[in-house]
Amino acid sequence: QVHLVESGGGLVQVGGSLRLSCAASVSVYAMGWFRQAPGKEREFVVAIDYEGDKTYYEYSVKGRFTISRNNANKAVYLQMNTLRPEDTAVYYCAASHQMTRMVEGEIDYWGQGTQVTVSS
């Protein structure tokens, strides 16, 4: 079993920034982030392959969020800039053995989630 532990969530003002971290117990090929806002279904945010060469962003975060990973530390990061109130959600680290499985319902491993609140 792979364990994922998120950190870095918190309260930030509109336009501010946060950096989320996810530490994995074992290296996994594809990693990324999902989020779930109040009253909404969990949605895909971003994913990255092992080498960091391929990234996929949900349209609303593209240009504002940047995913990266450090395989020596078995960690993945999400730099979130220009935050908006609609970014408020519980953010979940996710990992799958194939990039094609980085979709809701097919994720192999989930983190516990970390709350991000953007105040207006």
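Atoms considered below: every heavy atom in the structure, side chains included; atoms not considered: hydrogens, waters and symmetry mates.
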Rounded to the nearest 0.5 Å, what separates atom OH in Y109 from atom NE2 in H97?
3.0 Å

OH (Y56) and CE (M99) are apart, to the nearest 0.5 Å, by 5.5 Å

Separation between CZ (R35) and CD (E43), nearest 0.5 Å, reads 4.5 Å

Please step through side-chain contact (heavy atoms from CB on, under 4.5 Å) for the pair K54 and I48, ending with a clear verdict.
CA-CA 6 Å; K54 297 180 180 178; I48 187 170; over 6 Å; no

Got a second to check how far Y77's OH is from W33's CH2, nearest 0.5 Å?
10.5 Å

Which value, rounded to the nearest 0.5 Å, describes the distance between S68 atom OG and Q79 atom CD?
8.5 Å

Shortest non-hydrogen separation from Y57 to F44 and the atoms involved:
C-CE2, 4.3 Å

Not counting sequence neighbours, which residues clear side chain to side chain contact (heavy atoms under 4.5 Å, CB included) with V90? List them please.
Y92, Q115

Using modelled atom types and a 3.5 Å cut-off, is there a donor and acceptor pairing between side-chain atoms of T117 and backbone atoms of T88?
no

Evaluation steps, side-chain contact (heavy atoms from CB on, under 4.5 Å), between V116 and M80
CA-CA 10 Å; V116 171; M80 305 185 294; 3.9 Å; yes

Interatomic distance, CD@Q36 vs CD@E41, rounded to 0.5 Å, equals 8.0 Å

Review item, side-chain donor-acceptor pairs of residues 7-30, under 3.5 Å, at least two apart:
from	atom 1	to	atom 2	distance (Å)
S17	OG	N81	OD1	2.9
S25	OG	H3	N	2.9

